[in-house]
Amino acid sequence: MPKRSHRVYDPVKRIGDLVVGTLALIVLGPLLLAVGALIALRMGRPVIFAQERPGLGGALFTMYKFRSMAPAAIDRDDVAAVATDAERLTAFGRRLRSSSLDELPELWNVMRGDMSLVGPRPLLAEYLDRYDTRQARRHEVRPGITGWAQVNGRNAVSWPERLEMDVWYVENRSLWLDLRIFVMTAATVLGRTGVSAPGHATMEPFDSSSSPNGDDRENQ
């Protein structure tokens with residue numbers, strides 16, 4: 001099967017990212033300010049969570065999200081301890097995640113060219129050496145705010161399934177597929193399906209020797 005050419009698709013998609021991203025920032029600006037103010041009131045500062053993630057070609061960039069977790073250090077029975085994800089994820093933070101509002105600051109990453117609106121989700125830098133040759137192909141494109149795996153199970157699918165869907169997107173990407181993912185994303189967000197892996201407040205880390213479920217949790 002000949003390799004599909006993306007010489008037209010890739011630059012057109014980048015233009016689309018800039019146009020749609022700019023409009024989204026303008027239209028959603030008041031919502032961004034409101035969510036940021038609520039986080040400051042409910043959880044304090046910082047409002048934005050920043051973390052290095054691998055992007056196109058595996059190059060690291062700083063990804064921005066609204067903070068949805070309390071600090072890692074807590075007092076448990078008057079003894080300093082490291083909180084679990086379940087303890088850190090507040091009711092307010094859980095609502096942020098289920099509505100995907102925590103992802104809105106990533107629009108700035110789209111404008112910078114770090115990310116695209118559609119593509120494989122940017123995972124943790126520590127996972128780079130855990131992918132096999134095929135799984136590593138997910139870095140042949142810019143990571144996205146939403147992607148094929150996010151509309152086909154979101155966080156409720158196993159790592160091998162999710163990574164295979166990422167590679168399938170890389171191999172089959174097109175403007176039509178991106179539009180389809182946009183429409184499916186709206187349905188997924190409104191239905192709030194697949195937000196967490198079964199039995200976990202957030203996720204288990206990716207281990208290439210096993211098949212846990214997961215998402216890109218912010219505290220790693």
Side-chain angles (χ1 to χ4, degrees), residues 13-56 59-74 83 85-125 142-147 149-151 154-155 178-179 181-196 201-203 215-220:
K13 181 178 182 178
R14 179 60 189 147
I15 294 172
D17 283 340
L18 289 171
V19 172
V20 177
T22 299
L23 292 174
L25 282 173
I26 293 172
V27 172
L28 298 175
L31 179 60
L32 282 159
L33 292 174
V35 173
L38 281 173
I39 293 172
L41 288 171
R42 296 287 189 92
M43 294 191 293
R45 297 188 178 186
V47 169
I48 298 294
F49 168 79
Q51 187 179 60
E52 283 197 331
R53 299 286 176 97
L56 182 65
L60 296 181
F61 70 96
T62 302
M63 186 187 76
Y64 301 99
K65 298 175 66 172
F66 279 128
R67 185 164 70 91
S68 60
M69 283 186 167
I74 63 169
D85 286 348
E87 290 171 323
R88 294 184 62 200
L89 187 59
T90 65
F92 176 68
R94 194 180 300 274
R95 287 194 294 272
L96 276 180
R97 288 193 172 197
S98 66
S99 64
S100 296
L101 290 174
D102 62 318
E103 309 285 357
L104 289 179
E106 291 168 32
L107 288 169
W108 178 241
N109 288 118
V110 173
M111 301 303 295
R112 285 168 47 90
D114 302 322
M115 295 177 62
S116 177
L117 294 171
V118 178
R121 284 293 299 161
L123 300 177
L124 298 175
R142 287 184 178 90
I145 294 179
T146 186
Q150 280 60 53
V151 298
R154 204 169 178 180
N155 304 329
D178 288 347
L179 179 59
I181 290 172
F182 262 121
V183 174
M184 293 175 70
T185 296
T188 299
V189 171
L190 290 174
R192 301 192 178 189
T193 56
V195 176
S196 301
T202 51
M203 66 162 285
D215 182 27
D216 47 315
R217 64 178 173 181
E218 69 177 33
N219 62 312
Q220 294 186 48

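Only heavy atoms go into these numbers, but all of them, side chains included; no hydrogens, no water, no symmetry mates.
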Shortest non-hydrogen pair, S100 vs V189, comes out as OG-CG2, 3.7 Å

Partners of F182 by side-chain contact (heavy atoms from CB on, under 4.5 Å), sequence neighbours excluded?
-> L117, V118

Are any side-chain N or O atoms of R121 and backbone N or O atoms of T146, one a donor and one an acceptor, separated by less than 3.5 Å?
-> no

M43 and F92: which non-hydrogen atoms are nearest, and at how many Å?
-> CE-CD2, 4.2 Å

Sorted by first residue and then second, give each side chain to side chain donor-acceptor pair (under 3.5 Å) pair with at least one member in residues 16-29; sequence neighbours left out.
-> D17-S116

E103 side, atom CD; Q150 side, atom CD - distance, nearest 0.5 Å = 8.5 Å

Where the side chain of R53 meets the backbone of M63, is there a donor-acceptor pair that is under 3.5 Å apart?
-> no

Output yes when a side-chain donor or acceptor of R142 lies under 3.5 Å from a complementary backbone atom of G119, and no otherwise.
-> no

Is there a donor-acceptor pair closer than 3.5 Å between any side-chain N or O of D102 and the backbone N or O of G93?
-> no

So which heavy atom on P122 is nearest to which on P54, and how close?
-> CB-O, 4.1 Å

Closest heavy-atom pair and its distance - T62, N109 | O-ND2, 2.8 Å

Output yes when a side-chain donor or acceptor of R45 lies under 3.5 Å from a complementary backbone atom of V47, and no otherwise.
-> no

Side-chain touch F61/L56, heavy atoms, less than 4.5 angstrom | no

Within a strict 4.5 Å, meaning less than it, do heavy atoms of the L96 and L38 side chains meet?
-> no

To the nearest 0.5 Å, how far apart are CZ in F66 and CG in L104?
-> 6.0 Å

Find the distance between OG (S68) and CZ (R94) and round it off to the nearest 0.5 Å.
-> 10.0 Å

Sequence neighbours excluded, which residues qualify as salt bridge (Lys or Arg N to Asp or Glu O under 4.0 Å) partners of R112?
-> D114

Going by heavy atoms in the side chains, are R67 and I48 under 4.5 Å from each other?
-> no

Rounded to the nearest 0.5 Å, the CD1 atom of I145 sits from the NZ atom of K65 at a distance of 11.0 Å

From I26 CD1 over to L107 CG, what is the distance, rounded to the nearest 0.5 angstrom?
-> 11.5 Å

